[in-house]
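Down below is the structure, laid out as structure tokens.
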4 protein chains.
Amino acid sequence: MTQTSDGPVTKLTVRPPGRPRSERADRAIIEATVDLLAEEGGVAGVSIEAVAARAAVGKTTIYRRWPNKEALIIDALAALKEPFPVPVGDSVRDDLVAIARAFMTDKSDKKRLDCYWSIMSGAERYPELIARFNREVIEPRRDVIRRVLRRGIESGELRADLDVEVTLWLIMGAVAHRARAWGAGPVPDDFPGKVIDALLAGIGTN
Amino acid sequence: MTQTSDGPVTKLTVRPPGRPRSERADRAIIEATVDLLAEEGGVAGVSIEAVAARAAVGKTTIYRRWPNKEALIIDALAALKEPFPVPVGDSVRDDLVAIARAFMTDKSDKKRLDCYWSIMSGAERYPELIARFNREVIEPRRDVIRRVLRRGIESGELRADLDVEVTLWLIMGAVAHRARAWGAGPVPDDFPGKVIDALLAGIGTN
Amino acid sequence: MTQTSDGPVTKLTVRPPGRPRSERADRAIIEATVDLLAEEGGVAGVSIEAVAARAAVGKTTIYRRWPNKEALIIDALAALKEPFPVPVGDSVRDDLVAIARAFMTDKSDKKRLDCYWSIMSGAERYPELIARFNREVIEPRRDVIRRVLRRGIESGELRADLDVEVTLWLIMGAVAHRARAWGAGPVPDDFPGKVIDALLAGIGTN
Amino acid sequence: MTQTSDGPVTKLTVRPPGRPRSERADRAIIEATVDLLAEEGGVAGVSIEAVAARAAVGKTTIYRRWPNKEALIIDALAALKEPFPVPVGDSVRDDLVAIARAFMTDKSDKKRLDCYWSIMSGAERYPELIARFNREVIEPRRDVIRRVLRRGIESGELRADLDVEVTLWLIMGAVAHRARAWGAGPVPDDFPGKVIDALLAGIGTN
DNA sequence: CAATAATCGAGACGGTACGTCGCGTCTTGGG
DNA sequence: CCCAAGACGCGACGTACCGTCTCGATTATTG
């Protein structure tokens, strides 16, 4: 820190010497990575070489920023992450349906959904990736459901003795598994509603 | 079935000419495949090269039997597959809990469960694999639940207007997702019971 | 040595197990190397990648045979080496002229001459290369001149007190330097004769 | 020639605006280049990167002065170039021997000789370099020999029908080739004398 | 003295080649 | 005909330099 400044210091980080890293390259690399992740359908389909080619960037430029493919994809993930609003509708039931529907079809574009599952596929080869993905993308969304459930308990719409975590697994599990559609065809439009209603009413006779 | 033929039985199956394939190799390959699938935690971790090395077998010996990795793993899967009995207990509730518990922890060893999830992870890189896996391993187990649910409807233990398929997704989803335990730690012993009870009673206040 | 043979052993080397190395690849690689050496005009112009591409061969196949570029070029050199006949003409003078002319223009194709100088260029970056080149290609040719000179001394055509090595440097030096034609244009046809004649007669007045 | 101007002399050269180029950098770069040329033993061993590192200078500082490596080395060469006096001794023979010896061992240090051959090695990868080197360093020295030869012809010490150019190739070739000493060890002290004497007397028996 | 302008070192840029690894396939001699 | 061994062509890996291109900082001269 070479400044002898007086007054409130505002510059907390000094720019390092030399040519600064190109933000254009940053963006191009992340975009190329996300595109390949969605198109190739899996972490394995994303090669640094392909990313470099598509981003019109030298491999060096990628390796200067990320030590390996996993790290690159983790950061590309961040580009997918975006705040998921807590819905506050008239009823908890409608909110849960809305969340389920959003999660299954993702209101944003197809690319994002493709990436989600591409990442889940690669899974265990890239444990750090899956961990961060859960922490930064999945868990926030689980938390949204958690809040709605707690609101429901307080408002009396849901049972007071509800086990929130168990309910979370029921909702997330049904939604995520069905969305994956392992050979079961596209998700019917009324599926989210049916799931939540079944869950609310229970399947037992009293 | 290679028979050693005794007595007057006419030869129904002719042994092909040349050296017969080594059954020792067959077993070693399948075992190595299953081990790798469980250990490496993913289809990608299973390379023909690695299987051959672990089975102490030439790569040719593998490729003579299976056209590709996918086919090999499918057959290795069969080694894991075993009949899943339809439980007929005193109550449908107990049966469902038993099924859920069995599915999550699997009666047999850890290896089997690891393989299940390794395969699910591989996902769309190996569509044929996942398809056959669903058909031969998953669907039979879903069918067991289906039967129990139908029995519950008939016996009056479950609601008459129950949507069986939706219920299936709820049970299977919760169970499978939780078993995968994406960072959530080991499955508590009472989890299956809690899930089924929550589902039976419903989470809404009538 | 696993053979229990009787009689005179002829098989001195047993073929190693596995698929034998492709002689076609051997040839293609050497040829591609020589071509590139001649065309690109320098060791630096020969890249393993380019050799592999031109020979329609994987890089692995090259690296399996040679540890690095230097080693490859050394062996490619051997393909250029071919016996240089000791001329036995009517006079030592004519023989020397013939040798000089052959060395400058090389009776074989242009490619060989290009390679010679390409190798000499790379020189110090590849000391082992230049050493072997001298030993296997240059020195044999020097030896041819040496023999002719000795014959001349015996026959009385050359001075008895001739220093053979010094004479060698004179002949080889003039020839090689002029052939290199550092900006001096193509070698005139009568140059070899002029050099040898000047050398024979001496430049001094008695 | 940057003059510091004194007295009434009108300014003939105007110092350009802005920060003047560092003469320290100039010197450091040239010195580093010469050192690398001698040490690495070849044009290829001289990389701008290496020069910049050794001169403790930014690469920009080099590229601002010279458009490419070739140009840099050409200028570095100039630092080596120094007038080569035409010897006028008692006899042409002694003069030739002196020149030959000087050329082989070079009065100045080892570094200079190393550079000479490093440059000659680089050859056709750097045609402009070799051309200028010949023009500015080699040819002047050839010219010195040329003058001595002409003087010898006039004085009757050398044959009147002498082909000066051919003789030049003989002397320069022997000297240069032997100095390069491709594996032939250090140059014996009496080599120059022997070469010139052999050339003067001729190797033939009249 | 402030403005101007070319310099400086540092280091990122796109690119090419390196030598290595693992893939799935092919091709041997021997059992 | 099977088996092991291992070479084949291929493609991606991560590294090292290359020559070029910005940067902020420095250092002279000029208005």
Side-chain angles (χ1 to χ4, degrees), chain A residues 2 14-22 24-26 44 46-53 55-69, chain B residues 15-22 24-25 44 47-50 52-53 55-69, chain C residues 2 14-26 44 46-53 55-69, chain D residues 14-22 24-25 44 47-50 52-53 55-69:
Chain A
T2 52
V14 248
R15 178 202 278 267
R19 177 174 175 177
R21 295 195 176 165
S22 156
R24 187 224 138 252
D26 280 339
V46 179
S47 76
I48 298 286
E49 219 132 65
V51 171
V57 141
K59 276 199 289 178
T60 317
T61 304
I62 299 179
Y63 281 110
R64 196 175 289 117
R65 291 161 162 76
W66 297 277
N68 51 52
K69 185 161 67 173
Chain B
R15 180 200 286 271
R19 175 174 172 177
R21 292 190 177 169
S22 155
R24 187 220 138 257
S47 74
I48 298 291
E49 197 102 11
V57 138
K59 283 195 282 181
T60 319
T61 305
I62 299 178
Y63 279 110
R64 204 189 329 278
R65 290 160 162 78
W66 297 276
N68 51 52
K69 181 161 70 174
Chain C
T2 52
V14 249
R15 177 202 281 267
R19 177 175 175 176
R21 295 193 176 167
S22 156
E23 291 182 32
R24 188 224 139 252
D26 280 338
V46 179
S47 76
I48 298 284
E49 219 131 65
V51 171
V57 140
K59 276 199 289 178
T60 318
T61 303
I62 299 179
Y63 281 111
R64 196 174 289 119
R65 292 162 162 77
W66 297 278
N68 51 51
K69 183 161 68 174
Chain D
V14 208
R15 178 200 287 270
R19 176 176 174 175
R21 293 191 178 169
S22 156
R24 188 221 138 255
S47 73
I48 299 292
E49 197 102 11
V57 139
K59 284 193 282 184
T60 318
T61 306
I62 299 178
Y63 280 110
R64 192 175 295 113
R65 291 161 162 79
W66 296 276
N68 51 51
K69 181 162 70 174

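Naming: A, B, ... by sequence-line order, numbering from 1 per chain.
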Those residues that, when tested against C:Lys69, pass side-chain hydrogen bond (donor to acceptor under 3.5 Å, both in side chains) (two or more places apart) | none
Report the distance from atom CZ of C:Arg65 to atom C1' of F:dA7, rounded to the nearest whole Å.
-> 8 Å
Rounded to whole Å, CD of C:Glu23 lies from P of E:dT28 at a distance of 11 Å
Return the nearest nucleotide to the side chain of C:Ala25; candidates are E:dG19, F:dC8, E:dG11.
-> F:dC8
Could you check how far OH of D:Tyr63 sits from P of E:dG11, rounded to whole Å?
-> 18 Å
Would you mind reading off the distance between C:Arg21 atom CZ and E:dG29 atom C1', rounded to a whole angstrom?
-> 17 Å
Rounded to the nearest Å, what distance is computed from the CD1 atom of residue A:Ile62 to the C1' atom of nucleotide E:dT16?
-> 16 Å
So which one's nearest nucleotide on DNA chain E is more toward 5', A:Gly18 or A:Arg24?
-> A:Gly18
Under the 3.5 Å rule, do the base of F:dC21 and the side chain of A:Arg19 count as making a donor-acceptor pair?
-> yes
With the criterion being N/O to N/O and under 3.5 Å, what pairs connect the protein with nucleotides 10-12 of chain F, and how long is each?
| unit_1 | atom_1 | unit_2 | atom_2 | d |
| --- | --- | --- | --- | --- |
| F:dC10 | N4 | C:Thr60 | OG1 | 2.3 |

side-chain hydrogen bond (donor to acceptor under 3.5 Å, both in side chains) partners for D:Arg65, two or more places apart = D:Asp26
Comparing C:Pro17 and B:Asn68 on DNA chain E - which has the more 5′ nearest nucleotide = B:Asn68
Counterpart residues, side-chain contact (heavy atoms from CB on, under 4.5 Å), relative to C:Arg24 (two or more places apart) | C:Ser22, C:Arg27, C:Ala28, C:Ala56, C:Val57
Just jot down the side-chain contact (heavy atoms from CB on, under 4.5 Å) partners of A:Thr60, sequence neighbours excluded, or say none.
-> A:Arg64
DNA chain F: A:Pro20 or C:Arg64, which has the more 5' nearest nucleotide?
-> C:Arg64
If you take all heavy atoms of A:Gly58 and A:Ala52, which pair is closest and at what distance?
-> C-CB, 4.3 Å
To the nearest 0.5 Å, tell me how far C:Tyr63 OH sits from C:Asn68 CG.
-> 8.0 Å
